[in-house]
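What follows is one structure encoded as structure tokens, with my remarks underneath.
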Amino acid sequence: MEGHGAARAKFRAARELAETLGWWPFAASAAFHESKSAFKVDDMPGSRAALEAEAAIQEKRGNLAGAAQAFGSIAHYILKPAGRHREALAMLRKSLDYAERGEDLQHALWCRRSMATLHRRLGEFDEALAQLEYVESRIHETGRPQDVADLLLSRATLHRIRGEFASALKLVEEAGVIYDEKVQPKDENERKQLIDWRASVLGRRGTLLQELGNYERAMALMQQALALRRTRNARHQLAVTLSNVGNLHRARGTRLDARGDPDAKEAFAAARAAYDESLHLFQKLDDRGGLAVVYEGLGDLHGAAGEHAKALELHEKALALATEAGEVHRTASTTLAVAGSTIEVGRAEEGLALYRRALALADEHEFRRIQMLARLGLARTHTQLGQPDEAMQESYRGVRMIADKVGSLAEEEGVVAQREWLGFYAHGLQAARAGSSHGDLLWFLEHHHTGKLLTSIHARRQPADGIVPKDLEAKRSAARDRVAKARVALEKAHVRRD
């Protein structure tokens, strides 16, 4: 640390002397290295000041593209991690203006992709799509395959937060092929950058496969991503990957724990280790968005251990950070977590209000996965409160949402939808047994929407050419058998609980 501090002082002195003498190229280089030295000791204000000095120097020497790069670095490395998204957007617009006047198309398109990311975090999806559409219209002009891959990853993120996991996975895999087969690094810096890109693709694939329930494959990819991250001195990317590894271990532990598997303890311990390392890095970087993710995960771990008061404390901390940054998807996600913890500490009515708040955000922005989880939370809580009519209505609404969407779901997403249906059906069945006056809705749960859902998942939709596959009826019959078996298992589970 002291070495970086001493180097920073020397670079500042060199910059000031060069400015006095009018040696602008040397002054710009010294300012750049001054910023890097400040960044390495987590002096973000000092790093920003040096970058602003570099931008001013580059403008004096007529290098508008260089000034654009400096402004872009302020937005990307200083403002965005701190959750100051509006300020980051303003800085990116400034960077974009300089890049376009300096005829630096590559950086201009990078600015637009970065602006799309911030608009997406703020829930401004029309603005995000507009930026990405512009990038797509000019991406061929750069002649760089990595720019095409970056655009695919940006589009994949939009699909992911709307719950379209299979579509997102396809785009991420396309980007991975480009990085592997078409990007040829020309020097050491580009070789290192290629490692970062490959790690990003591996991590994103792992996260999406986790959402689709393929935990083993997800873990293998995530470990590969983590190994690559550890070869690079990029703390932010390492922290993100560690938090994702923690999420995966936690999700796996939750599933094992539900089955009474003793390996759950080991999975939870691995999650805690990954979260702790990630937390340390995010704290040093003052990355508010990253901290929100880790606090939510740690809260879930405490909840799994029955420490619900501590879980609520961490979940509320995560929600405060996400709300402060204006990150809509993260706010909706952490509101779900706070709702669950609030109910666990005995404040069920508050929990219901929080689930409704999360559902309102999810409905407004079409966050499908959060819509389903909020509906499940409402159905479960109404059941616990002895409100069978309300539980039945929420279960029906959830299944209806699944059925309305199922025709457009990929096969892997259909499997997730089937698990969601089973959850809603379980609550509907409980509500019927508890005396709900909406018995007709249970009929819909069992028959009308179930038939539409299961046949669509396992047989897919009839082809547009009207040709019906020979094994279609066999698949439908198998789907009906699975429904019958699931119903018997659920009946037995409720009988045991009674």
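In this chain, residues are counted from 1 in sequence order.
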Exercise. Would you confirm whether Asp261, through its side chain, and Ala264, through its main-chain N or O, come within 3.5 Å as a donor-acceptor pair?
Key: no
Exercise. Indicate the atoms forming the closest heavy-atom contact of Asp300 with Ala337, along with that distance.
Key: OD1-CB, 4.5 Å
Quiz prompt | Lys/Arg-Asp/Glu bridge criterion (N-O < 4.0 Å) met for Arg230, Glu277 | solution = yes
Quiz item: Would you say the side chain of Arg160 lies within less than 4.5 Å of the side chain of Leu169, judging by non-hydrogen atoms?
Solution: no
Self-check item: Check: Glu296 main-chain N/O paired with His315 side-chain donor or acceptor under 3.5 Å
Solution: yes
Quiz item: Quick check: does any side chain N or O of Thr383 sit under 3.5 Å from a backbone N or O of Ala379, one acting as donor and the other as acceptor?
Solution: yes
Quiz prompt | Inter- and intrachain pairs under ring-ring contact (aromatic ring centres under 6.0 Å, His included), touching residues 325-376, at least two apart | solution = Phe125-His365, Phe125-Phe367, His329-Phe367, His365-Phe367
Quiz item: Please walk me through it: do Ser154 and Arg113 pass side chain to side chain donor-acceptor pair (under 3.5 Å)?
Solution: CA-CA 7 Å; Ser154 296; Arg113 286 198 305 273; 4.9 Å; no
Exercise. Go through the steps for Lys310 and Glu307 under the test salt bridge (charged side-chain N to carboxylate O under 4.0 Å, His left out), then give the verdict.
Key: CA-CA 6 Å; Lys310 182 64 176 178; Glu307 301 165 354; over 6 Å; no
Quiz item: What pairs meet the ring-ring contact (aromatic ring centres under 6.0 Å, His included) rule with one or both residues in residues 193-217, with sequence neighbours excluded?
Solution: Tyr179-Trp197
Quiz item: What are the two closest heavy atoms between Gly303 and Ala311, and how far apart are they?
Solution: N-CB, 3.6 Å
Exercise. Among Leu354, Leu376, Leu352, find the one that has a side chain to side chain contact (heavy atoms under 4.5 Å, CB included) with Thr381.
Key: Leu352
Quiz prompt | Minimal non-hydrogen separation, Thr342 against Gly351, with atom names | solution = CG2-N, 3.9 Å
Self-check item: Pairs where residues 339-361 contributes a residue and the test salt bridge (charged side-chain N to carboxylate O under 4.0 Å, His left out) is met, not counting sequence neighbours
Solution: Arg347-Glu350
